[in-house]
Amino acid sequence: MKDLTLKQKSVNRAHSRLRWPVERAIARIKTWRVLRKARLSPTKLTSIARAILTLETHR
C-alpha cells in the first residue's frame, strides 16, 4: 500500500476534526431511551431530537 502524502495526511486530519463531534453527538443521542422506545410519528421524533440536541449543547 502506498504511503499518504503530507497533503493527504493534512486533509485526513482536518476531516477527522470535523467528524468526531458529529459522531459523538449521534452516539449520545442513541443512548436516550425515548428515541429507542418511541412509537411516535417522525415529526414528533424530530422535535424530540431537536430538544435533546439543544439540551446536550447547553450541558
Side-chain angles (χ1 to χ4, degrees):
M1 188 185 299
K2 182 180 162 187
D3 288 337
L4 296 177
T5 66
L6 187 57
K7 183 177 179 180
Q8 289 170 323
K9 288 179 183 180
S10 177
V11 169
N12 284 348
R13 228 177 279 115
H15 183 252
S16 177
R17 284 189 194 122
L18 293 173
R19 218 176 123 169
W20 81 262
V22 175
E23 289 182 2
R24 184 177 168 110
I26 291 169
R28 184 75 179 155
I29 288 169
K30 286 181 178 181
T31 67
W32 284 68
R33 187 174 183 197
V34 67
L35 293 179
R36 285 192 316 241
K37 301 289 183 179
R39 300 292 181 253
L40 303 170
S41 72
T43 305
K44 287 185 181 181
L45 280 177
T46 301
S47 297
I48 291 170
R50 282 187 186 140
I52 291 169
L53 286 172
T54 301
L55 291 171
E56 285 295 318
T57 301
H58 296 289
R59 189 174 187 179

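Atom set for the values below is all heavy atoms of this structure, side chains included, hydrogens, waters and symmetry mates excluded.
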N/O donor-acceptor pairs under 3.5 Å from side chains in residues 38-47, not counting sequence neighbours:
residue: S41; atom: OG; partner: K44; partner atom: N; Å: 3.3
residue: T46; atom: OG1; partner: P42; partner atom: O; Å: 2.8
residue: S47; atom: OG; partner: T43; partner atom: O; Å: 3.4

**Report entry** Nearest non-hydrogen partners of L18 and P21, listed with the distance
**Finding:**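 That closest heavy-atom pairing would be O-CD, 3.5 Å.
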
Requested in this report: Using atom types as modelled and distance alone, determine if a side-chain donor or acceptor of T54 lies under 3.5 Å from a backbone N or O of R50.
Outcome: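 Yes; at least one donor-acceptor contact below 3.5 Å.
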
Requested in this report: Can you measure from CD (Q8) to CG (N12) and round to the nearest 0.5 angstrom?
Outcome: 7.5 Å

Report task. State which residues pass side chain to side chain contact (heavy atoms under 4.5 Å, CB included) with I26; sequence neighbours excluded, sorted by chain then number. Result -> V22, K30

Report task. May I have all residue pairs that pass side chain to side chain donor-acceptor pair (under 3.5 Å) and include part of residues 15-24, sequence neighbours excluded? Result ->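 Side chain to side chain donor-acceptor pair (under 3.5 Å) check on residues 15-24 returns R19-E23.
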
Query raised in the report: Please, which pairs that meet salt bridge (charged side-chain N to carboxylate O under 4.0 Å, His left out) have at least one residue in residues 4-14, sequence neighbours excluded?
Result: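 Found none.
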
